[in-house]
Chemist: 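Structure below; questions to follow.
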Amino acid sequence: MTRERNPLVVSRVVGDVLDAFTSTVELRVYSDGRMLCNGCNFRPSQVVAQPRVDIGGDDFRSLYTLVMVDADAPSPSNPCLREYLHWLADIPGSTGADFGTEIVSYESPQPSMGIHRLVLGLFRQPRRQTVNAPRGRQNFNTREFSRLHNLGSPVAAVYYNCQREGGTGGRRAL
């Protein structure tokens with residue numbers, strides 16, 4: 001029996017937020033001067049500013065939709081507001097968020113209880129289209145949003161953990 005090594009699967013990001021997918025685009029996300037890698041830890045003070053997002057590739061004619069959600073709102077033991085939408089933007093390929101259009105403005109995470117998984121999923125639009133803002137941030141559903149806008153499966157994703165400033169402990173590996 002082989003053990004799963006994909007951190008998005010081990011952390012249940014694939015399952016709780018995203019369907020299984022194959023990454024086909026390089027997604028680089030930086031916050032507080034650090035590159036985000038799956039499972040890294042940040043405090044709210046380190047993610048106050050909108051992260052810098054760079055999309056790899058050489059086709060600036062492609063358009064991507066970036067979704068950032070909290071998979072554990074309001075708490076990991078009772079995620080009744082899953083998914084909480086923190087950011088939604090359209091970004092041209094081979095550029096960064098600075099060249100894109102913000103659909104829902106960035107709201108920095110402020111977890112009050114437990115360790116939260118903040119997920120950034122990237123979807124390639126099959127053709128340039130208008131992506132509409134949802135009615136609210138609470139109970140956003142990335143899968144449903146993707147279906148509604150015909151975005152298909154994600155082409156890249158990354159997640160990080162965030163807990164309140166004075167929080168201690170860590171997420172246990174399964």
Side-chain angles (χ1 to χ4, degrees), residues 8 11 13-19 21 23 25-32 35-36 38 40 42-56 60 62-76 79-164:
L8 295 169
S11 66
V13 166
V14 169
D16 288 349
V17 177
L18 304 172
D19 290 328
F21 70 97
S23 184
V25 173
E26 185 178 8
L27 173 64
R28 292 177 306 276
V29 182
Y30 302 86
S31 191
D32 196 39
M35 184 170 167
L36 269 71
N38 286 313
C40 63
F42 282 92
R43 300 291 182 168
S45 60
Q46 296 174 301
V47 291
V48 169
Q50 174 180 302
R52 188 180 107 211
V53 174
D54 295 322
I55 299 172
F60 65 90
S62 294
L63 190 63
Y64 295 87
T65 298
L66 179 76
V67 176
M68 179 179 170
V69 296
D70 182 340
D72 300 308
S75 74
C80 62
L81 301 179
R82 175 186 294 161
E83 304 156 30
Y84 186 88
L85 181 65
H86 281 275
W87 192 24
L88 183 62
D90 282 344
I91 305 169
S94 72
T95 69
D98 291 345
F99 295 94
T101 303
E102 196 170 58
I103 299 162
V104 175
S105 63
Y106 176 75
E107 182 180 301
S108 62
Q110 294 294 323
S112 60
M113 189 179 307
I115 300 169
H116 292 240
R117 295 166 295 162
L118 279 293
V119 180
L120 291 98
L122 187 69
F123 297 84
R124 185 177 188 275
Q125 293 186 6
R127 65 189 183 329
R128 285 184 176 255
Q129 63 187 18
T130 301
V131 173
N132 300 314
R135 291 189 178 149
R137 292 180 184 259
Q138 295 178 358
N139 297 116
F140 180 81
N141 187 305
T142 301
R143 288 182 184 98
E144 188 59 37
F145 179 81
S146 174
R147 278 191 284 279
L148 178 66
H149 293 285
N150 298 311
L151 298 175
S153 296
V155 295
V158 65
Y159 87 97
Y160 66 93
N161 295 315
C162 189
Q163 64 180 318
R164 63 186 169 83

Chemist: So Tyr160 and Pro109, do their side chains get closer than 4.5 Å, heavy atoms only?
Modeler: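 With C-beta onward as the side chain, the pair touches.
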Chemist: Could you pull out all residues at least two apart from Tyr64 that satisfy ring-ring contact (aromatic ring centres under 6.0 Å, His included)?
Modeler: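 Tyr64 satisfies ring-ring contact (aromatic ring centres under 6.0 Å, His included) with no residue once adjacent residues are dropped.
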Chemist: Partners of Ser75 by side-chain hydrogen bond (donor to acceptor under 3.5 Å, both in side chains), sequence neighbours excluded?
Modeler: Ser77
Chemist: Excluding sequence neighbours, so at least two apart, what forms side-chain hydrogen bond (donor to acceptor under 3.5 Å, both in side chains) with Thr130?
Modeler: none
Chemist: What pairs with Arg147 under side-chain contact (heavy atoms from CB on, under 4.5 Å), at least two apart in sequence or on another chain?
Modeler: Arg143, Glu144
Chemist: Distance from Phe21 atom CZ to Leu8 atom CG, nearest 0.5 Å?
Modeler: 5.5 Å
Chemist: Could you go through Arg82 and Asp72, starting from their C-alpha distance and side-chain angles, then the distance that decides it, and tell me whether this counts as side chain to side chain contact (heavy atoms under 4.5 Å, CB included)?
Modeler: CA-CA 6 Å; Arg82 175 186 294 161; Asp72 300 308; 4.0 Å; yes
Chemist: Just to verify, what does Glu26 make a side-chain hydrogen bond (donor to acceptor under 3.5 Å, both in side chains) with, not counting sequence neighbours?
Modeler: Arg28
Chemist: How far does CG of Leu118 sit from NE2 of His86, to the nearest 0.5 angstrom?
Modeler: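 It comes to 5.5 Å.
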Chemist: Sequence neighbours left out, what pairs pass salt bridge (Lys or Arg N to Asp or Glu O under 4.0 Å) with at least one residue falling in residues 120-136?
Modeler: none
Chemist: For Met113, I'd like to know if atom CE has over 12 heavy atoms of other residues, nucleotides or ligands within 6.0 Å.
Modeler: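 No, the 6.0 Å shell around CE holds no more than 12 heavy atoms from other groups.
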Chemist: Could you tell me whether the side chain of Arg43 reaches within less than 4.5 Å of the side chain of Gln163, counting heavy atoms only?
Modeler: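 Side-chain contact under 4.5 Å: yes.
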Chemist: Tell me every residue that passes side-chain contact (heavy atoms from CB on, under 4.5 Å) with Phe60, counting only those two or more places apart in sequence or in another chain.
Modeler: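 With neighbours one apart ignored, the set is Ser94.
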Chemist: Can you list everything that forms a salt bridge (Lys or Arg N to Asp or Glu O under 4.0 Å) with Arg137? Sequence neighbours excluded, please.
Modeler: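 Arg137 satisfies salt bridge (Lys or Arg N to Asp or Glu O under 4.0 Å) with Glu107 only.
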Chemist: With a 3.5 Å cut-off and no angle check, do the side chains of Gln125 and Thr65 form a donor-acceptor pair?
Modeler: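 Side chains of Gln125 and Thr65: pair found under 3.5 Å.
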Chemist: Does Pro74 have any side-chain contact (heavy atoms from CB on, under 4.5 Å) partners at least two apart in sequence or in another chain, and if so, which?
Modeler: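 Checked Pro74 against side-chain contact (heavy atoms from CB on, under 4.5 Å); matches are Cys80, Leu81.
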Chemist: Within a strict 4.5 Å, meaning less than it, do heavy atoms of the Val67 and Phe140 side chains meet?
Modeler: yes
Chemist: Going by side-chain contact (heavy atoms from CB on, under 4.5 Å), name the residues that satisfy it together with Glu102, two or more places apart in sequence or in a different chain.
Modeler: Gln50, Trp87, Ser105, Tyr106
Chemist: For Tyr159, is there any backbone N or O sitting under 3.5 Å from a side-chain donor or acceptor partner on Asn38?
Modeler: yes
Chemist: Which distance, rounded to the nearest 0.5 Å, do you find between the CD of Gln138 and the OH of Tyr84?
Modeler: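 Result: 6.5 Å between the selected atoms.
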Chemist: Only counting residues at least two apart or in another chain, list the ones meeting side-chain hydrogen bond (donor to acceptor under 3.5 Å, both in side chains) with Asp16.
Modeler: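 side-chain hydrogen bond (donor to acceptor under 3.5 Å, both in side chains) check on Asp16 returns Arg117.
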Chemist: Between Ser23 (side chain only) and Ala156 (backbone N and O only), is there a donor and an acceptor less than 3.5 Å apart?
Modeler: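 Not confirmed, Ser23 side chain does not pair with Ala156 backbone.
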Chemist: Kindly compute the distance separating CE (Met68) from CG (Leu88), expressed to the nearest 0.5 Å.
Modeler: 12.0 Å
Chemist: So do the side chains of Val104 and Pro134 get within less than 4.5 Å of each other, counting heavy atoms only?
Modeler: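 Yes; the side chains approach each other to less than 4.5 Å.
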Chemist: Hey, mind stepping through Asp54 and Met35 against side chain to side chain contact (heavy atoms under 4.5 Å, CB included) and telling me if it holds?
Modeler: CA-CA 11 Å; Asp54 295 322; Met35 184 170 167; over 6 Å; no
Chemist: Can you confirm whether Pro44 sits close enough to Ser108 that some side-chain heavy atom of one is under 4.5 Å from a side-chain heavy atom of the other?
Modeler: no
Chemist: Would you list the pairs meeting salt bridge (Lys or Arg N to Asp or Glu O under 4.0 Å) in which at least one residue belongs to residues 85-95, sequence neighbours left out?
Modeler: none
